[in-house]
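Questions regarding the structure given below will be posed in turn.
In this chain, numbering begins with 1 at the start of the sequence shown.
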Amino acid sequence: MGGVDDEVRITLRLPSDLHAWLASEAKSARRSLNSEILLRLEAGQPAPATGDESP
């Protein structure tokens with residue numbers, strides 16, 4: 001991900017039970033809710049292609 005200049009703010013609507021679960025997970029890991037969501041989204045991204053893989 002890029003630096004601070006590359007950030008975009010969005011409004012996100014979540015079901016209340018999902019929000020509560022994410023907030024609980026974030027608190028347990030001593031992270032902000034924002035950091036927890038970013039961590040989970042980034043973990044779901046495919047790895048960038050390096051070109052070193054054999055076909």
Side-chain angles (χ1 to χ4, degrees):
M1 290 198 64
V4 174
D5 294 335
D6 295 337
E7 289 183 353
V8 176
R9 290 180 179 250
I10 64 167
T11 299
L12 178 64
R13 295 180 189 168
L14 297 173
S16 59
D17 58 339
L18 179 56
H19 176 269
W21 176 75
L22 282 167
S24 175
E25 292 291 303
K27 186 175 181 179
S28 295
R30 303 186 72 186
R31 284 191 279 268
S32 67
L33 179 57
N34 188 73
S35 294
E36 186 69 26
I37 292 169
L38 286 175
L39 179 79
R40 291 173 181 273
L41 288 172
E42 289 171 347
Q45 283 186 317
T50 62
D52 295 339
E53 294 133 13
S54 299

Using the rule that Ile, Leu, Val, Met, Phe, Trp and Tyr join whenever any side-chain heavy atoms are under 4.5 Å apart, tell me whether W21 and I37 fall into a single cluster.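 The answer is yes; both residues are in one hydrophobic cluster.
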
Taking a hydrophobic cluster as the set of Ile, Leu, Val, Met, Phe, Trp and Tyr residues connected by side-chain heavy atoms closer than 4.5 Å, whether directly or through intermediates, do L33 and L38 fall within one such cluster?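 No; tracing contacts between hydrophobic side chains, which count when under 4.5 Å, never links both residues.
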
If every non-hydrogen atom of A26 is compared with every non-hydrogen atom of S32, which pair is closest and at what distance?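 For A26 versus S32, the nearest heavy atoms are CB-O, 3.7 Å.
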
Do any N or O atoms from the side chain of S24 and from the backbone of A20 form a donor-acceptor pair under 3.5 angstrom?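 The answer is no, because no donor-acceptor pair under 3.5 Å joins these two groups.
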
If you round to the nearest 0.5 Å, how far is CD of E25 from CZ of R31?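 Here the interatomic distance stands at 8.5 Å.
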
